[in-house]
Amino acid sequence: MMLNRQSSLLLLGSSLAIGISTDVLFQQDIFGLNFLLWTVLWSGILSVSLFRRNKLNTLTISYILFAVANAIMVYVRAEPVVQVWSVLSTLTFIALLFATSYLDNFFELSFVRRVVEYIGGSIISFIQILAAIVKSLSSKVEGKQRKTLAIPGIVVGTALVAIFIGLFSSSDQVFRQNFTWLGDALAPLGDWFNNFNPGRLFTTMFWSFVALGWLGMVISRNRVNDTSEVKLPRLLSARDTKVILGSVCAVFAVFVFVQLRFLFGGATLPDGITYADYARSGYGQLLLATVLASGVVYVTKNATKDGVSRQYNWLPILLLVLNAMVVVSAWKRLSLYESAYGWTMTRFVARMGLVCIMAGIFYLRIWISGSFTNKRLFAISWYTLAVVLLGVAILNPIGLITRRNIVDLPSRETALDLTYISELSADSYGSVCKYAPSLKTTYSENYKSLVTISQFFDRTKFLDQQSVPLNEQSLYRNHGLSAHYTSSESFGDKYYNCLK
């Protein structure tokens, strides 16, 4: 990496500017807006870098859009769970953009090689850029020694003289009298140092060094010569594979038979067990079982010595079909439990997992036929997960959960969980205002209780929570658009006065 003095100074100045900007954003109360601005900042830098390298194509543009869209969801949504997965999705797409910019043949590498090159390369690029900056700023002596003006020394020395005069003048009156001709010019400098916060300097320098390292990845270019895929060792014989797949298929077949009989066939359950109790537990285990079964199909196909002959390809396909039926069974269990006890965020996330697993089963079926490579299988699975997470964040899961709990109350066995609804994040406000009035006639007591205990309709209490700085409170109190909007009159007129 070659840098001249001008480019090195520009790079250092840019890193310091980005570090200061990041520190300023970090100190503010509106977490979502800060994160969105930070994402837009780095997306812009990476977009320019990709454009200059002719890498700004459909795929990289989609990465940028996904990163910004997820950052917007961090800003808009108040539900902590949604914010967490949106933050992780944003950071993942930003990391993909960095890797695409840094590695010329990023998409040709295997997943393992990408991770290794990304981590190792980022460290190497940081060291290289520091070395290049030091080399470009150091004076080169070629031939006869030349006299140069000590401009950097003059500038630094003058600044230090002003700083120490300001410090000593603010602390010693006799010393200050010697500089009365300067008036009060240095007083603000002394006052600033008197109130100096070392923590801010540390965080600013930290983010500046991080920015310098990331800019180094953007500037440097690298190509990995070895693009061979990392493959599993083929240790299983065809017979071993048939035994493994056959055994798992047998267990899945027995489980599916039981599910078809009791969940879908309406068979009478043993005494003392209701359908709600039957469905209440187990979908977590079913989620794990479906993931493991998909992994068994993938590993056995890749680890078999000579591959499974076509006449035995029906075994992994059969396991995938049975696995899909288990997913349907888990979905049914969730539906039965929700119809009895209502919707929660945990159960909603479980449904999201089932959707992703079903999509993965479909992709595995295509992969078995040879239409997908290993790399494409992982890529499309990741994109599906990203689309599901972003789509659900846009749909506002807490709003949907609140709506279903209120609307489905007449068909449920249990009463409306007013405490749960009242403790939901600000994402539920719209649904409560829209659907809670429907309780007035039939469930008047529930409606009155909801109005009484709903803490997020207590404007005074809500504003008291919002007045606490973010760095002094739990992140779970970040109400989406935060105090700059939720404390406004328009917000109050729209939500706080909707229940009468």
Side-chain angles (χ1 to χ4, degrees), residues 57-60 62-63 66 89 92-93 96 100 106-115 227-236 238 240-253 255-256 259 286-332 350-392:
N57 50 35
T58 303
L59 186 58
T60 53
S62 68
Y63 286 171
F66 265 102
S89 297
T92 301
F93 280 107
L96 285 171
T100 305
F106 174 73
F107 295 108
E108 299 174 13
L109 303 175
S110 64
F111 176 77
V112 175
R113 196 60 190 268
R114 289 179 183 180
V115 174
T227 60
S228 59
E229 290 193 19
V230 178
K231 297 181 179 180
L232 293 173
R234 296 185 176 276
L235 302 176
L236 298 176
D240 293 329
T241 299
K242 286 180 283 184
V243 170
I244 293 172
L245 291 176
S247 302
V248 177
C249 283
V251 176
F252 269 67
F255 179 81
V256 168
Q259 303 305 297
L286 294 184
L287 281 173
L288 179 59
T290 54
V291 172
L292 288 177
S294 300
V296 168
V297 172
Y298 178 80
V299 171
T300 52
K301 182 172 175 59
N302 277 313
T304 303
K305 290 180 179 178
D306 300 321
V308 182
S309 60
R310 286 187 174 274
Q311 60 178 320
Y312 293 109
N313 258 351
W314 62 271
L315 272 174
I317 294 175
L318 175 61
L319 181 54
L320 290 179
V321 171
L322 293 171
N323 202 16
M325 297 179 71
V326 173
V327 171
V328 174
S329 169
W331 187 278
K332 179 68 172 179
R351 284 191 181 274
M352 291 170 51
L354 291 174
V355 170
C356 294
I357 292 172
M358 184 64 84
I361 293 172
F362 175 73
Y363 300 146
L364 277 173
R365 173 62 186 91
I366 299 176
W367 172 74
I368 289 175
S369 66
S371 300
F372 279 176
T373 61
N374 290 351
K375 187 184 299 183
R376 189 174 183 184
L377 174 65
F378 282 110
I380 195 170
S381 299
W382 152 244
Y383 293 139
T384 299
L385 176 62
V387 170
V388 169
L389 291 176
L390 178 59
V392 170

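Everything quoted here is computed from the prediction, not taken from an experiment.
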Participant: With rounding to the nearest 0.5 Å, note down the distance linking OG1 in Thr373 to CZ in Phe378.
Facilitator: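 Taking OG1 in Thr373 and CZ in Phe378, the distance rounds to 10.5 Å.
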Participant: For the CE atom of Met358 and the CG atom of Leu320, what is their distance to the nearest 0.5 Å?
Facilitator: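 Rounded to the nearest 0.5 Å, the CE-CG separation comes out at 11.0 Å.
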Participant: Any side-chain heavy-atom pair from Leu96 and Phe106 closer than 4.5 angstrom?
Facilitator: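 Result yes, sub-4.5 Å side-chain heavy-atom pair found.
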Participant: Between atom OG of Ser381 and atom CD1 of Ile357, what is the distance when rounded to the nearest 0.5 Å?
Facilitator: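 Those atoms lie 11.5 Å apart.
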Participant: What are the two closest non-hydrogen atoms of Leu322 and Ala253, and how far apart are they?
Facilitator: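 Taking Leu322 first and Ala253 second, the nearest heavy atoms are CD1-N, 3.9 Å.
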Participant: Just to verify, what does Val248 make a side chain to side chain contact (heavy atoms under 4.5 Å, CB included) with, not counting sequence neighbours?
Facilitator: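 Scan of Val248 (side chain to side chain contact (heavy atoms under 4.5 Å, CB included), adjacent residues dropped) gives Phe252, Leu319.
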Participant: Taking atom CD1 of Ile361 and atom OG1 of Thr290, what is their separation to the nearest 0.5 Å?
Facilitator: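 Answer rounded to 0.5 Å: 6.5 Å.
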Participant: For residues Ser62 and Tyr383, determine if any side-chain heavy atom of one lies less than 4.5 Å from a side-chain heavy atom of the other.
Facilitator: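 A side-chain contact under 4.5 Å is absent here.
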Participant: Measure the spacing between CD1 of Ile317 and CG of Leu245 and express it to the nearest 0.5 Å.
Facilitator: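 Here the interatomic distance stands at 11.0 Å.
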Participant: How would you list, by chain and number, every residue that makes a ring pair (Phe, Tyr, Trp, His ring centres under 6.0 Å) with Trp367, sequence neighbours excluded?
Facilitator: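 In terms of ring pair (Phe, Tyr, Trp, His ring centres under 6.0 Å), with neighbours along the sequence ignored, Trp367 is linked to Tyr298.
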Participant: Using the ring pair (Phe, Tyr, Trp, His ring centres under 6.0 Å) criterion, which residues pair with Tyr63? Sequence neighbours excluded.
Facilitator: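 Partners of Tyr63 under the ring pair (Phe, Tyr, Trp, His ring centres under 6.0 Å) test: Phe93.
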Participant: At their closest point, which heavy atom of Ile368 faces which heavy atom of Pro316, and how far apart are they?
Facilitator: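 Of all heavy-atom pairs spanning Ile368 and Pro316, the closest is CD1-CB, 3.8 Å.
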Participant: Would you find more than 12 non-hydrogen atoms of other residues, nucleotides or ligands less than 6.0 Å from Phe107 atom CZ?
Facilitator: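 Enclosed.
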Participant: Kindly write out the residues that satisfy side chain to side chain donor-acceptor pair (under 3.5 Å) with Thr384, not counting sequence neighbours, or none if the list is empty.
Facilitator: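 For Thr384 the side chain to side chain donor-acceptor pair (under 3.5 Å) partners, ignoring immediate neighbours, are Tyr363.
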Participant: For Arg114, check salt bridge (charged side-chain N to carboxylate O under 4.0 Å, His left out) against everything at least two apart and list the hits.
Facilitator: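 Salt bridge (charged side-chain N to carboxylate O under 4.0 Å, His left out) list for Arg114, sorted by chain: empty.
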Participant: Using side-chain heavy atoms (C-beta onward) and a distance below 4.5 Å, is Leu385 in contact with Leu389?
Facilitator: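 Yes, their side chains come closer than 4.5 Å.
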Participant: Does the Lys375 side chain pair with the main chain of Leu109, one donor and one acceptor, at a distance under 3.5 Å?
Facilitator: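 Yes; judged by distance alone, with no hydrogens or angles, the pair exists.
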Participant: Tell me every residue that passes side chain to side chain contact (heavy atoms under 4.5 Å, CB included) with Ser371, counting only those two or more places apart in sequence or in another chain.
Facilitator: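 Partners of Ser371 under the side chain to side chain contact (heavy atoms under 4.5 Å, CB included) test: Ile366, Ser369.
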Participant: Nearest 0.5 Å please: distance from the NZ atom of Lys301 over to the CG atom of Leu364.
Facilitator: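 Lys301 atom NZ to Leu364 atom CG measures 10.5 Å (nearest 0.5 Å).
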Participant: Is any side-chain heavy atom of Asn323 less than 4.5 Å from a side-chain heavy atom of Ser294?
Facilitator: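 Asn323 vs Ser294: side chains touch.
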Participant: Can you check whether Thr92 reaches Phe66 side chain to side chain, under 4.5 Å on heavy atoms?
Facilitator: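 Not touching, per the 4.5 Å side-chain cut-off.
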